[in-house]
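When a residue number appears, it is its place in the shown sequence, counting from 1. Since the structure is predicted, the reported quantities are computational estimates derived from the model, not experimental observations.
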Amino acid sequence: LWINKPTGSGKLIADNNSYFFDNVSANFLAEGYLNFGLIGVFLFIIALALFSKWFDNIFFKIKNNSTKYKIIYLIFLSMLIFILRGDMMSSLAYLITTVYSVRFLDYSLLFFKVYSKK
């Protein structure tokens, strides 16, 4: 058992306010505020904007995009709703796990090409 395991920000807020229901969502802006104060709100917005711009440039500007980047981009877009909804601890864990799963499949099974000469 992990006794000192950190809890998500939604549960932290619910516990501090004595809520009966502790599955509370703390959105992206609340995460920035809880982690770094008022400056964190702006830092999180800027970081998300820059990361999204960088990822969009990879997807739309590069002509010879591999399938791996297209799949990771589409996964990121779908996970962005989850990230913006709340609890960075769980949403980023799911995002990183999913991206590395695609990367693993890229190297092993999914994109394995066999060139046979006939």
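- A parallel orientation is assigned to the rings of Phe55 and Phe51, their planes being inclined by less than 30° (bins at 30° and 60°).
- Summarising the geometry of Ser91 relative to Phe82, their closest heavy-atom pair is CA-CE2, 3.4 Å, with the distance given to 0.1 Å.
- Of all heavy-atom pairs spanning Glu31 and Ala26, the tightest one is CG-O, 4.0 Å.
- In the hydrophobic cluster analysis, where Ile, Leu, Val, Met, Phe, Trp and Tyr join through side-chain heavy atoms closer than 4.5 angstrom, Met79 is grouped together with Val99.
- The aromatic rings of Phe60 and Tyr73 lie perpendicular to each other, with more than 60° between the two planes, well past the 30° mark.
- Transitive grouping of hydrophobic side chains (ILVMFWY, heavy atoms separated by less than 4.5 Å) keeps Ile83 and Ile13 in distinct clusters.
- Shortest non-hydrogen contact noted between Ser25 and Arg85 is OG-O, 2.6 Å.
- Tyr33 is not connected to Phe36 by any chain of hydrophobic side-chain contacts under 4.5 Å among Ile, Leu, Val, Met, Phe, Trp and Tyr, and they are in different clusters.
- Side-chain atoms of Thr7 and Asp15, non-hydrogen and from C-beta on, never get closer than 4.5 Å to each other.
- Looking only at side-chain heavy atoms (C-beta outward), Met88 and Phe28 come within less than 4.5 Å of each other.
- Residues Leu43 and Leu84 do not share a hydrophobic cluster, clusters being chains of Ile/Leu/Val/Met/Phe/Trp/Tyr side chains in contact below 4.5 Å.
- A distance of 10.5 Å separates CG of Leu95 from OH of Tyr100, quoted to the nearest 0.5 Å.
- With rounding to the nearest 0.5 angstrom, the CZ atom of Phe44 is 13.0 Å from the CD1 atom of Ile39.
- Here Phe42 contributes atom CZ and Ile46 contributes atom CD1; the two are 8.5 Å apart, rounded to the nearest 0.5 Å.
- Just one of Asn23, Asn16, Asn17 meets the side chain to side chain contact (heavy atoms under 4.5 Å, CB included) condition when paired with Tyr19; it is Asn17.
- For the atom pair CG of Leu29 and CG of Leu38, the computed distance is 10.5 Å after rounding to the nearest 0.5 Å.
- In the hydrophobic cluster analysis, where Ile, Leu, Val, Met, Phe, Trp and Tyr join through side-chain heavy atoms closer than 4.5 angstrom, Leu48 is grouped together with Tyr94.
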